[in-house]
Amino acid sequence: MIQKLRPRRMRISENVRAMVRETTLSPKDFVYPIFVVAGENIREEIPSMPNVFHLSVDKAVEVARQVADLGIPSVEVFGLPEYKDEIGSSAWDMNSPVQRAISAIKKAMPELVIVGDVCLCQYTSHGHCGKLCNHYVDNDSTLELLQKVAVSQANAGADIVAPSDMMDGRVAAIREALDENKFINVSIMSYAVKYASGFYGPFRDAADSAPQFGDRKQYQMDPANFHEALKEVDLDIAEGADIIMVKPAMAYLDIVRTVRNKINYPLAVYNVSGEYAMVKAAAANGWIDEQRIVLESLTCMKRAGADIIITYHAIDAAKWLTK
Ligand code: PBG
């Protein structure tokens, strides 16, 4: 008997495969995260994140230019401040590396979309994402601090602010503060669905933001939960988020697909530091083909429904995609 139904016909050559390919990846899909530090002419590799660097503001501008030249539309700025205190006040200090980097990059490349990460864990002496009341992160007094951070980043020139703290009501609070300060066109990309994940390990080394006691499970989500993700998305949309994010990416693509099917807003995923470190470590050992694994993973994030992918692989991936 001759087989009649042959899906393999549609895989017969590269051009046929190209014609029926459902998902294509482009440098336009990416946001590249950068870590800025005080000082000048600093470009120090982060040990647990090969090829990712601590950059002084001058070097951050150079990297941002490289990003823009590769056709990547956006960078997200994280910072290591010069001082830390109980409430994280360096997070809204206009002389901190983040605010200085945002304004320097905006000045050099006005068209590059700058995302500011709004959180306090890099800036507090205790490493938690908000103001402490005994050993509990107090929600409502933290909102006032997050408002200051968002407004300071908008003042510096951020196009988008991205709250990653997971306090209740932060999107509404930040929207209100931005609007009061006339930043009606600064968008909010909400880390709406952010899990309490072990995959953030290398980032906490990079950003020196590990909690000094306990963990983040009282504010970030339980990885075992699904419906709670949809609840968080509903709330952040009601509060005025412009872009919804799911984080981490690789182990959470079921959430990405479900959220994509449910909302009419742009959806971002964060391909986090631990996901990056695992790929880099296996590639360094010769156990996997880095280019192939990276492009496959990023394509699958897009297939799952992501419109925007925040990834440390952005520069390499953009080079591979355009060569
Ligand atoms: C700050 C923040 C974190 C990440 C992004 N923003 C760390 C955390 O919540 O502990 C993680 C990013 C990554 O792992 O690449 N709250």
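Counting starts at 1 for both ligands and their atoms, following the listed order.
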May I ask you to list the atoms of ligand 1 that are less than 4.0 angstrom from any heavy atom of Lys194? 1 (C), 2 (C), 3 (C), 6 (N), 8 (C), 9 (O), 16 (N)
Please list the nearest protein heavy atom to atom 15 (O) of ligand 1 with its residue and the distance rounded to 0.1 Å. Tyr312 OH, 2.6 Å
For the pair Lys231 and Glu228, find out whether any cationic side-chain nitrogen is under 4.0 Å from an anionic carboxylate oxygen. no
Quick one: does Phe78 get within less than 4.0 Å of ligand 1, heavy atoms only? yes
The closest protein heavy-atom partner of atom 12 (C) of ligand 1 is Phe203 CD1, 3.3 Å
Can you sort out which atoms of ligand 1 are near Cys121, meaning under 4.0 Å from one of its heavy atoms? 1 (C), 16 (N)
Before you tell me yes or no, could you show the steps for Phe30 and His313 under ring-ring contact (aromatic ring centres under 6.0 Å, His included), namely the whole-Å CA-CA distance, both residues' side-chain angles and the distance that decides it to 0.1 Å? CA-CA 9 Å; Phe30 305 145; His313 295 293; 9.4 Å; no
Modelled atom types, side-chain donor and acceptor of Ser13 and Asn15, under 3.5 Å: no
Carboxylate-amine/guanidinium proximity below 4.0 Å for Arg17 and Glu14: yes
Give me the ring orientation class for His128 and Phe213: parallel if the planes are under 30° apart, tilted from 30 to 60°, perpendicular past 60°. tilted
Same cluster for Leu267 and Leu235 if Ile/Leu/Val/Met/Phe/Trp/Tyr side chains link at under 4.5 Å? no
Run the salt bridge (charged side-chain N to carboxylate O under 4.0 Å, His left out) check on Lys194 and Asp165 step by step: do they pass? CA-CA 9 Å; Lys194 178 170 175 179; Asp165 53 282; over 6 Å; no
Under a heavy-atom criterion of less than 4.0 Å, does Glu275 contact ligand 1? no
Side chains of Arg170 and Thr142, donor plus acceptor under 3.5 Å: no
Under a 4.0 angstrom heavy-atom cut-off, which atoms of ligand 1 come close to Ser164? 1 (C), 2 (C), 6 (N), 16 (N)
Can you name the atoms of ligand 1, numbered from 1 with element, that are less than 4.0 Å from a heavy atom of Tyr270? 12 (C), 15 (O)
Which residue and heavy atom of the protein sit nearest atom 14 (O) of ligand 1, plus the separation: Ser273 OG, 2.7 Å
Under 4.0 Å from any heavy atom of Asp117, which atoms of ligand 1 are there? 6 (N)
Taking a cutoff of less than 4.0 Å between a non-hydrogen atom of the residue and any ligand atom, is Lys247 in contact with ligand 1? yes
Using distance alone, decide if ligand 1 has a nitrogen or oxygen within less than 3.5 Å of any nitrogen or oxygen in Gln122. no
